[in-house]
Amino acid sequence: MDLSCTPEEEEFRARLRQWLAAVLPGLPARPRPDDWPGRRAYDTAWQRMLYDAGYAGLHWPVDAGGRGATPTQHLIFLEETEKAGAPYVGANFVGLLHAGPTIAAEGTAGQRARWLPPVLRGDEIWCQGFSEPEAGSDLAALRTRAVRDGDHYVVSGQKVWTSHAEVADWCELLVRTDPAAPRHRGISWLAMRMGAPGVTVRPLRTLAGSTEFAEMFLDEVRVPVSHRVGAENDGWRVTMVTLSFERGTAFVGEVVACRRTLAALAAEARANGRWDDPVLRRTLGRLNAEFRALWRLTQWNVGEAQRSGGVPGTGGSVFKLRYSQARQELYDTAAEVLGADGADLDREWVLDRLTSLSYTIAAGTSQIQQNIVAERILGLPKGR
Amino acid sequence: MDLSCTPEEEEFRARLRQWLAAVLPGLPARPRPDDWPGRRAYDTAWQRMLYDAGYAGLHWPVDAGGRGATPTQHLIFLEETEKAGAPYVGANFVGLLHAGPTIAAEGTAGQRARWLPPVLRGDEIWCQGFSEPEAGSDLAALRTRAVRDGDHYVVSGQKVWTSHAEVADWCELLVRTDPAAPRHRGISWLAMRMGAPGVTVRPLRTLAGSTEFAEMFLDEVRVPVSHRVGAENDGWRVTMVTLSFERGTAFVGEVVACRRTLAALAAEARANGRWDDPVLRRTLGRLNAEFRALWRLTQWNVGEAQRSGGVPGTGGSVFKLRYSQARQELYDTAAEVLGADGADLDREWVLDRLTSLSYTIAAGTSQIQQNIVAERILGLPKGR
Amino acid sequence: MDFQLSDDQRALRAGIRDLLAGRFGRDRMRAALDAGTDVDPGMWGELGAAGFFALRLPESAGGVGLGLPESVLLFEEAGRVLLPGPLVATHLAAGAVKGAAEGRSVVAVLDAGRPVSHLDAADALIFLAGEVVRVVEGDALRALVRGARPVRSLDPLTPLHRVTVPAAPGDPVPGADGARLRLEGALLAAAEQLGSAARTTDMAVQHARGRKQFGAPIGSFQAVKHLCAQMLVRAELARTAVYAAAVTADPAEIAGAKLLADEAAVRNARDCLQVHGGMGFTWEADVHLHLKRAWLRAGQWLTAAEAEESLAADLDRC
Amino acid sequence: MDFQLSDDQRALRAGIRDLLAGRFGRDRMRAALDAGTDVDPGMWGELGAAGFFALRLPESAGGVGLGLPESVLLFEEAGRVLLPGPLVATHLAAGAVKGAAEGRSVVAVLDAGRPVSHLDAADALIFLAGEVVRVVEGDALRALVRGARPVRSLDPLTPLHRVTVPAAPGDPVPGADGARLRLEGALLAAAEQLGSAARTTDMAVQHARGRKQFGAPIGSFQAVKHLCAQMLVRAELARTAVYAAAVTADPAEIAGAKLLADEAAVRNARDCLQVHGGMGFTWEADVHLHLKRAWLRAGQWLTAAEAEESLAADLDRC
């Protein structure tokens with residue numbers, strides 16, 4: 001047990017802080033949430049700054065154009081950028097954290113050369129076409145068909161929960177190439193141009209009133225066979241390999257932000273007098289324990305990933321189960337702090353309370369996560 | 001919606017109160033918990049007093065020797081006896097509330113004449129031999145075998161969670177008479193003499209340190225075929241019929257007692273200063289809402305049973321799920337009220353906290369109850 | 001002693017259910033949502049004509065002469081279908097504010113320190129200040145509206161304003177008991193919460209029966225089953241508490257009803273969302289409307305903290 | 001930055017695990033339970049010889065010279081096997097009370113207002129009174145024992161006494177910091193809770209794998225699976241909090257560790273009981289011993305209310 005950082009890590013942190021302090025004041029104002037072109041421009045400009053400063057693809061392998069940083073360095077990067085209030089990964093999310101790593105791990109030399117550098121430079125934006133209306137928790141039930149026609153696939157179907165679809169250049173797409181094969185065996189991974197004929201994007205409004213996501217309708221879209229990454233019908237494995245790139249760092253920024261929110265809630269409660277209510281005060285104290293521990297669990301998971309060379313530990317599901325619940329409790333408590341102002345969407349934390357509702361659902365519901373913990377970690381038998 | 005009582009019901013209540021006020025002061029001291037013969041004597045003496053006063057078998061049909069009272073009258077009886085601090089049904093529980101009603105509903109005239117009057121008079125005590133070590137939640141998995149030998153069954157097996165076994169005269173026993181039949185189809189209901197050769201009773205110590213229950217080992221016990229109630233292999237139905245005698249009144253006394261406990265906890269908290277802690281005080285307030293509603297739900301369920309002529313409503317599982325949890329919360333809160341004294345077994349409520357742990361398990365775990373509510377009330381499909 | 005509804009009560013409930021189905025079915029509700037209209041004067045009048053507001057006024061005063069149990073049945077139905085508008089306040093104002101009983105006036109409530117719902121639609125406000133009840137209308141109301149600040153409301157069908165309490169807040173309503181009015185408001189809001197909790201239970205069960213994942217209806221999985229079972233338990237306990245409180249009108253029983261119904265409405269909406277998965281997170285699904293309304297109502301009339309304190313104080317009387 | 005144990009830490013843990021398995025396996029534990037013996041002086045000496053008490057004393061003072069992280073590993077193991085006796089107090093007293101470091105003295109703790117555990121076995125008491133730490137032994141201890149009232153203890157392996165704080169409570173321990181001692185006590189108790197929470201998780205999983213009902217292992221049912229999954233989540237979060245607090249010795253982090261470990265120990269024991277069904281309700285099953293000990297420890301050193309208040313106060317510093 002050693003929670004201190006190495007001198008190299010401290011130096012990395014110091015240089016990063018210095019750089020952030022130098023560049024952040026010069027950033028333009030953030031675009032409004034519904035200004036999609038503005039958001040793309042903002043996010044890609046930031047990515048270009050990271051690229052020029054040598055921070056782009058920090059956690060990618062060097063031979064993929066990345067910096068080959070350790071998970072701990074990545075954690076420090078995420079922690080410091082969050083603390084400094086730097087822009088989020090935003091529109092570059094899928095490219096940097098999912099599609100890019102997939103191509104880096106499973107793509108041919110030509111595919112890597114074509115697709116990876118534009119992601120790192122912020123020149124091209126990716127989105128994800130995995131979920132379907134009938135395939136939510138049960139992703140392998142996906143129905144979008146791809147039929148071979150010469151050197152193209154002809155793709156038809158419907159995808160949902162695609163973020164940044166309006167401004168993306170490429171979509172990483174899971175399609176069914178062999179309907180006769182067992183569910184997990186007939187799936188392939190394709191890179192699809194968003195501008196291709198037959199692609200229709202319709203914004204999907206969430207309960208928070210915003211359109212962060214979209215539905216995507218695919219009507220006989222032609223995708224070159226050369227845009228398939230991995231072997232035909234091997235797309236499930238290709239995707240799972242990529243998920244294993246997750247090195248415990250997925251929620252670093254969020255946990256840092258939650259701890260800051262908690263401190264701000266305490267300050268607000270002191271200011272508006274609700275701090276004198278022991279029920280509320282003790283709840284805030286409890287959440288302090290919770291988020292301190294979740295922050296340590298993040299560090300633990302990153303340490304595990306570092307030692308195992310990137311293979312994800314079992315800590316991810318444990319973390320996500322507890323974090324998704326704690327995050328909802330945090331914003332429920334924020335509503336207590338706000339009192340009657342908790343119904344005002346213009347007050348800080350009110351919209352966050354709404355979006356926190358997705359945390360026990362997205363990326364594996366809490367029910368699915370509990371199955372994973374019980375079966376894969378505890379070794380309990382699969383249900384009949 | 002009319003929560004008032006009829007004049008007849010009010011008169012019944014008034015006469016009962018009068019009688020209780022007259023007889024309770026003359027009762028002897030309660031025996032110690034581990035004095036089983038003393039407890040039998042005490043409980044049967046009380047039953048005899050009820051019999052002589054016309055309150056025995058209040059809810060039994062008149063043709064079985066009972067008083068044919070309505071569920072509401074039964075509720076009033078249970079409410080008033082609890083409020084007056086009268087003795088509990090105790091050792092007469094199985095005879096009055098389970099075996100007796102079974103014989104009343106399914107027994108022959110001869111069986112009714114033989115077994116029912118002694119139960120009402122407090123002359124004979126019954127115990128229950130249903131559960132087995134391998135058949136807990138899954139009662140139909142019971143293995144105790146009964147093999148026909150002329151006009152007797154020869155019974156071998158093991159039962160568990162038998163209360164009052166040490167002092168019982170008879171045991172209502174579920175046995176497997178056809179091992180080849182489907183699980184629910186090969187079971188029969190027998191009345192077994194506890195004194196019969198081959199019956200061995202061993203006290204079972206619970207986590208509360210007491211021996212309220214016993215294990216019962218049956219080694220080739222001979223039971224006359226004439227002691228079978230209902231047809232051979234029809235014992236599952238016979239037992240279920242009896243369970244339908246439950247008219248929502250099962251927990252009347254307990255809910256009344258819980259409300260009294262809650263008031264006593266508030267008084268204790270005021271006395272020891274912990275009332276000034278808003279966290280504790282608000283928890284007590286919350287429990288007040290909970291038990292007030294559970295009391296009303298009891299009345300509702302009894303009203304439903306009264307209208308349906310004794311067929312149990314769907315309210316039983318709903319009630320039990322919430323009540324078992326509320327009861328545990330009540331005694332957890334009692335520990336908060338007691339503070340450091342919560343570790344003292346001689347303080348009131350501490351032992352109750354231990355026994356409350358069985359409430360989410362006994363008579364159908366909360367998990368089973370939730371299945372029942374989901375499948376039988378909400379109509380959700382059975383699991384695969 | 002019976003919780004069963006009388007034939008008259010059943011008929012009353014069926015009547016309002018039919019009225020609401022005809023006038024405020026799901027399509028109309030979504031249309032109102034898209035258009036941002038909270039109170040439809042035509043529907044308000046029809047509610048008035050059906051006795052929704054005059055229900056408890058004596059027949060001698062032109063009312064229906066019924067009591068809290070009947071009101072509770074109506075408000076439960078309103079809660080089921082997310083009917084917007086200051087229903088509780090207008091109902092409470094019947095007899096005290098001209099036109100309220102007939103649904104010709106829309107009456108909102110001004111509860112110091114809390115935002116006012118449906119101010120723009122309101123013809124009058126009842127102002128709760130301790131034991132005294134006042135009515136704000138006419139010039140006083142116009143002055144108050146001018147000084148009000150609109151709030152971007154969490155619940156899209158419940159517009160909110162922040163107001164400053166007027167210097168001349170109108171005349172006291174003779175004979176009105178502020179504490180009693182607040183309790184009745186809490187009970188009727190609890191009935192709306194009950195309707196919402198029961199409705200989200202139905203929605204979750206319906207979805208769990210139809211939605212297939214992993215080759216089976218998700219309602220066949222214990223995790224989903226148990227979520228639904230607990231939803232029913234919460235709704236039924238709330239129903240018991242609300243109906244009993246309506247019959248007895250006991251303050252502690254009303255506080256308990258509000259507490260349990262608030263909890264049932266909020267938690268059931270959340271569990272309903274969880275059962276619906278991603279679909280529940282969309283604007284298109286109604287579940288968020290139930291959750292937002294439930295959150296709002298939980299902060300109105302009697303909060304959990306207030307209810308718990310009053311239930312604690314009641315323990316002396318047990 | 002890594003939570004991984006060093007080789008030395010692993011060896012230390014393996015050593016104590018072997019010692020406890022040999023000296024306090026389940027049969028010995030149940031025998032102690034039946035006999036009502038809480039502290040076995042022979043085993044106390046062996047613990048002392050293994051460095052259990054002297055672990056953090058500097059080597060110059062005859063100690064092992066290790067720190068809180070190592071102590072936490074030892075106390076976790078003690079918690080797993082329900083090892084009785086005033087382990088925390090004796091460990092904290094090492095260096096201050098003669099013989100404690102070597103396990104020749106049994107040292108209990110006197111925390112005003114709370115019952116004293118293992119008084120009959122104690123050769124000395126450390127008395128926490130604000131910032132000052134005192135040692136009660138000899139005549140003062142004998143006087144205190146004479147005036148003590150035995151309590152029928154909830155935990156059969158932890159005898160309790162009510163005592164009156166002595167008029168002459170012994171001399172202050174020079175250089176001892178009462179607040180620091182209390183924090184360390186809380187952390188070590190949290191480590192015991194962690195061991196218990198992890199053990200009841202193992203017990204529940206083992207039972208769920210083997211026990212069949214309705215033709216399948218009960219662990220194949222989602223309801224049981226999810227109970228077990230949440231047990232693991234609680235235990236792992238507590239482990240993280242306890243280990244991190246041991247490394248940083250930060251007061252808020254220690255308060256968080258105690259809070260989360262108390263909750264994990266109590267709730268996991270309850271869920272373990274639920275998974276065991278009726279079998280868990282018997283004296284014969286160990287699960288009740290974990291629950292009772294967990295309840296007791298939750299009331300010692302730092303309660304949930306104290307921890308939450310201190311964590312709230314800490315929010316200013318974030």
Enquirer: Less than 4.5 Å apart, any side-chain heavy atom of D:V163 and any of D:L119?
Expert: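 SC-SC contact between D:V163 and D:L119 confirmed.
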Enquirer: Does any part of the side chain of D:E306, heavy atoms only, come nearer than 4.5 Å to the side chain of D:R182, both counted from C-beta?
Expert: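 D:R182 does not reach D:E306 side chain to side chain.
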Enquirer: What part of B:E134 gets within 4.5 angstrom of chain D, counting heavy atoms only: side chain, backbone, both, or neither?
Expert: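 Both parts, backbone and side chain.
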Enquirer: Go through B:V279, B:T365, B:D341 and name the one with the most non-hydrogen pairs under 4.5 angstrom from chain D.
Expert: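 Ranked by heavy-atom pairs under 4.5 Å with chain D, first place is B:D341.
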Enquirer: Under a 4.5 Å cutoff for heavy-atom pairs, which residue among D:A223, D:G299, D:G277 has the most contacts with chain B?
Expert: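 Going by pairs under 4.5 Å, I would pick D:G277.
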Enquirer: Would you indicate whether the side-chain heavy atoms of B:Q128 and B:T162 approach each other to under 4.5 Å?
Expert: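 They are not in side-chain contact.
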Enquirer: Can you tell which part of D:L291 gets under 4.5 Å to a heavy atom of chain B, answering side chain, backbone, both or neither?
Expert: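 Just its side chain gets close to chain B.
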Enquirer: Which one, B:R353, B:Q370, B:Q367, leads in non-hydrogen pairs under 4.5 Å with chain D?
Expert: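 Between B:R353, B:Q370, B:Q367, the count favours B:R353.
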Enquirer: Just checking B:R143: does its CZ atom have more than 12 heavy atoms from other residues, nucleotides or ligands closer to it than 6.0 angstrom?
Expert: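 Counting other residues, nucleotides and ligands, CZ of B:R143 stays at 12 neighbours or fewer.
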Enquirer: Shorter than 4.5 Å, heavy atoms on both sides: which option in B:A208, B:S131, B:P133 has the most such pairs with chain D?
Expert: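 Most heavy-atom pairs under 4.5 Å with chain D: B:P133.
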Enquirer: Using non-hydrogen atoms and a 4.5 Å limit, figure out which bit of D:L289 sits close to chain B: side chain, backbone, both or neither.
Expert: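 No part of it gets close to chain B.
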Enquirer: By a 4.5 Å heavy-atom criterion (distance strictly below it), what part of B:R183 contacts chain D: side chain, backbone, both, or neither?
Expert: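 Side chain only.
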Enquirer: Among D:L273, D:T158, D:D155, which has the most heavy-atom pairs under 4.5 Å with chain B?
Expert: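 Of the candidates given, the most pairs with chain B belong to D:L273.
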Enquirer: Looking at D:V224, D:L227, D:V151, which has the largest count of heavy-atom pairs under 4.5 Å with chain B?
Expert: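 Between D:V224, D:L227, D:V151, the count favours D:V151.
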Enquirer: Is NZ or CZ of D:R134 both nearer than 6.0 Å to the six-membered ring centre of D:F127 and within 45° of the ring axis?
Expert: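 No.
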Enquirer: So which part of B:D277 gets closer than 4.5 Å to some heavy atom of chain D, the side chain, the backbone, both or neither?
Expert: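 Looking at B:D277, nothing touches chain D.
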Enquirer: Is B:L280 in contact with chain D via its backbone, its side chain, both, or neither, using a 4.5 Å heavy-atom distance?
Expert: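 It is neither, since no heavy atom gets under 4.5 Å.
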Enquirer: Using heavy-atom distances under 4.5 Å, tell me whether B:A343 contacts chain D through its side chain, its backbone, both, or neither.
Expert: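 Both backbone and side chain.
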Enquirer: If we ignore angles and hydrogens, is there a donor and acceptor under 3.5 Å between the side chains of B:Y323 and B:E254?
Expert: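 A donor-acceptor contact under 3.5 Å links the two side chains.
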Enquirer: Based on non-hydrogen pairs under 4.5 Å, which of B:T360, B:L351, B:V350 is most in contact with chain D?
Expert: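 Top count of heavy-atom pairs under 4.5 Å with chain D: B:T360.
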Enquirer: Applying ring-ring contact (aromatic ring centres under 6.0 Å, His included) to B:F213 and B:H164, what does each step give before you reach the verdict?
Expert: CA-CA 7 Å; B:F213 302 97; B:H164 301 99; 8.8 Å; no
Enquirer: With a 4.5 angstrom heavy-atom cut-off, is it the side chain or the backbone of B:A140 that approaches chain D, or both, or neither?
Expert: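 Contact with chain D is absent: no heavy atom of B:A140 under 4.5 Å.
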Enquirer: Is D:L160 close to chain B through its backbone or its side chain, or both, or neither, when contacts mean heavy atoms under 4.5 Å?
Expert: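 For D:L160, side-chain heavy atoms alone lie under 4.5 Å from chain B.
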Enquirer: Between B:Q158 and B:E215, is the side-chain contact (heavy atoms from CB on, under 4.5 Å) condition met? List the steps.
Expert: CA-CA 7 Å; B:Q158 185 184 348; B:E215 294 175 292; 3.5 Å; yes
Enquirer: Working to the nearest 0.5 angstrom, can you tell me the gap between D:L82 CG and D:R30 CZ?
Expert: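 It is 9.5 Å, given to the nearest 0.5 Å.
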Enquirer: Taking the cut-offs as 6.0 angstrom to the six-membered ring centre and 45 degrees off its axis, would you call D:R114 and D:W301 a cation-pi pair?
Expert: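 No - D:R114 does not lie over the ring of D:W301 by the 6.0 Å and 45° rule.
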